[in-house]
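Heads up: the structure comes next, in structure tokens.
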Amino acid sequence: MSSHVLPDTEVLARYEAVIGLEVHVQLATRSKIYCACPTSFGDPPNTNVCPVCLGLPGALPVLNRAAVEMAMKAAMALNCRIRPVSRLARKNYFYPDLPKGYQISQYDEPLAEHGYIEVTSGGSRRRIGITRIHLEDDAGKSLHEGFSDSSRYTYVDLNRSGTPLIEIVSEPDIRTSEEAYEYLTALKQVLQYIGVSTCDMEKGHLRCDANVSVRPRGETKFGTKAEVKNLNSFRFLKQALDYEISRQVSLIESGEEVIQETRLYDPDTGETVGMRSKEHAHDYRYFPEPDLLPLTISDEWRERVRAEMPELPAQKRARFIETYGLREYDAQVLTATRELSEYFERVAEVSGDARAAANWVMGDLAAALNAEGKEISESPVSAEQLGELVALISKGEISGKMAKDIFQKMLATGESARAIVEREGLRQISDTGELEALINQVLEQHPRQVEQYRSGKTQVLGYLVGQVMKASRGQANPAAVNKLLRAKLG
Amino acid sequence: MKLSEDEVRYVADLANLTLTDAEVRKMATDLGAVLTYIDKLNELDTTGVEPMAQVLYEAGETETLREDRERPGLGSEVALANAPLAGGGFFKVPKVIER
């Protein structure tokens with residue numbers, strides 16, 4: 001396969017990409033979509049199968065209610081209109097990992113349509129349209145490599161056959177690979193928030209194909225598109241789109257034409273390669289699934305599901321800014337995942353100091369988790385424990401500096417802040433009587449600095465504060481010391 | 001309704017069937033006759049009638065959705081019992097050519 005000479009940035013800048021993404025998301029149900037087999041991952045091959053998902057003759061599918069409700073939640077979160085009646089349809093094609101010979105998907109009457117999601121890209125917020133969301137079953141898994149006779153045989157595991165998926169199709173509203181990345185990130189965040197998928201890309205719970213075309217800037221007609229498959233990590237998505245955009249621009253620049261085809265991204269070379277395909281491979285002969293009723297969603301059912309919807313990231317972001325007075329950026333960071341946002345809120349609640357809670361969660365805690373490669377759910381310090389620590393600072397019982405040391409000990413031992421403070425006698429001294437004793441002692445030991453201060457060299461105050469802090473072994477409340485010293489020195 | 005031999009070849013190809021020229025001619029006639037018969041339905045005026053894809057319909061007594069409860073699968077021994085070729089717990093098929 002000859003590599004294309006890719007155009008330089010100046011040439012690329014004269015073109016605009018038009019990208020639409022098709023994202024397949026595995027729903028987090030316990031059982032499959034049309035049968036009761038478990039959806040668990042990593043079991044021995046061909047164990048979680050039954051006549052329905054093996055495609056045995058005469059087996060009849062029955063739709064999983066939870067799969068429908070999760071798809072409805074995804075539709076609501078993505079501002080889609082849910083059809084009161086949608087239809088399951090057969091998509092016919094042959095492949096060894098598709099034992100029925102057809103996929104039960106949705107065609108001209110999908111579950112939901114006409115949605116959008118807000119995406120922040122390059123500092124500006126844009127709305128990316130969602131064309132449709134539909135339900136379908138996943139195929140099994142083909143293994144083309146890894147066995148001694150892999151040159152002659154393909155191995156097929158049907159455990160995944162019948163796993164519930166939704167396909168989310170975007171409008172061709174995406175213009176850059178960065179925006180595609182942001183779109184997928186936002187989609188993943190929302191779907192995880194509402195708990196309909198783990199979106200674990202490594203396990204194939206989130207898979208992405210892209211329709212890509214390019215056109216000269218200012219042109220309103222679409223160019224010929226290519227479908228790029230196998231974009232199964234965030235990094236691949238960006239790389240593959242950048243490559244494909246460059247490839248198409250260089251074709252046009254050299255007077256050739258982009259042909260409409262399916263291309264496969266090869267992560268090893270970073271290139272997309274055209275797939276040989278029969279001309280009419282895309283004639284799927286869809287027809288309404290005779291074994292399943294049309295899917296009827298009553299207003300009452302829809303509203304019952306809507307009532308179960310948790311707060312979405314964008315709403316939560318706005319609420320954090322509004323109720324806790326957080327900055328936009330901080331609110332963005334703290335709402336990145338539902339777990340993190342809930343952890344923060346608990347710390348804020350326990351400590352009674354939301355700003356300080358935000359600083360600790362994004363600062364010391366994030367650094368500690370990062371260093372250990374841990375998720376917030378694995379934090380050795382619970383939200384309640386961190387809240388207690390922050391409260392001790394707010395109440396002036398310990399200083400910020402002491403808190404940092406205590407926090408390190410909490411991380412190491414899992415002990416509560418209060419336990420560490422008491423055991424090590426680490427309370428902050430704010431009591432005026434105690435502080436005055438310390439101050440008097442320091443002033444006696446430093447008559448020269450006292451003299452300097454009184455003769456107008458007030459900058460020695462910092463030195464004297466430092467001496468008092470030292471005498472208290474860091475436990476004196478610096479603000480109180482400052483105030484008392486000034487008063488004493490007159 | 002007449003079916004052309006090209007249409008027969010196209011449909012046969014989608015169905016992964018290899019037909020001889022004689023079979024194609026026979027199928028064109030036979031399938032054409034089937035379609036002509038089905039075409040009789042077009043004589044009925046169905047203006048304003050909702051298309052019906054299945055004879056089932058949703059009603060109180062028709063349970064159409066199942067609850068999300070899993071049941072153990074058949075296990076690979078049973079699942080693979082009728083497989084023409086199996087190995088290591090997998091179905092084995094001749095090397096797949098992407099189409």
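Just so you know, these numbers use all the heavy atoms, side chains as well, and skip hydrogens, waters and symmetry mates. Within every chain, numbering begins at 1; the chains are lettered A, B, ... in the order of the sequence lines, protein sequences first and strands thereafter.
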Sort [X] into side chain, backbone, both or neither according to what part of it lies under 4.5 angstrom from a heavy atom of chain B.
X	answer
A:Cys53	neither
A:Ser151	backbone
A:Leu54	side chain
A:Glu289	backbone
A:Leu264	neither
A:Pro44	neither

Requested in this report: Scan for side chain to side chain donor-acceptor pair (under 3.5 Å) pairs involving residues 69-85 of chain B, sequence neighbours excluded, and state none if there are none.
Outcome: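 Of all non-adjacent pairs touching residues 69-85 of chain B, those that pass side chain to side chain donor-acceptor pair (under 3.5 Å) are A:Arg30-B:Glu70.
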
Query raised in the report: Of the non-hydrogen atoms in B:Leu65 and A:Leu295, which two are nearest, and what is the gap between them?
Result: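 In terms of heavy atoms, the two residues are closest at CD2-CD1, 4.5 Å.
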
Report summary line: What one should report as the nearest heavy-atom pair of B:Gly73 and A:Cys37 is CA-SG, 4.4 Å

Can you give the donor-acceptor pairs under 3.5 Å from side chains of residues 25-35 of chain B to other protein atoms, not counting sequence neighbours?
from	atom 1	to	atom 2	distance (Å)
B:Lys26	NZ	B:Asp30	OD2	3.0
B:Thr29	OG1	B:Arg25	O	3.0

Query raised in the report: Which residue out of A:Thr29, A:Asp157, A:Asn48 racks up the most heavy-atom pairs below 4.5 Å with chain B?
Result: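 Highest number of heavy-atom pairs under 4.5 Å: A:Thr29.
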
First locate atom [atom1] of [X], then atom [atom2] of [Y], and finally report the distance between them rounded to the nearest 0.5 Å.
X	Y	atom1	atom2	answer
A:Tyr155	B:Leu85	OH	CG	8.0 Å
B:Leu80	A:Asn46	CG	CG	5.0 Å
B:Glu67	A:Arg65	CD	CZ	4.5 Å
A:Ser31	B:Asp68	OG	CG	4.0 Å
A:Leu158	B:Phe91	CG	CZ	5.0 Å

With a 4.5 Å limit on heavy-atom distance, are the side chains of [X] and [Y] in contact?
X	Y	result
B:Phe90	A:Phe147	yes
B:Lys92	A:Asp149	yes
A:Pro51	B:Leu74	yes

Query - Exceeds 12 heavy-atom contacts within 6.0 angstrom, atom CD of A:Glu145 - result: no

Query raised in the report: Near A:Lys91 NZ, under 6.0 Å, is it more than 12 heavy atoms from other residues, nucleotides or ligands?
Result: yes

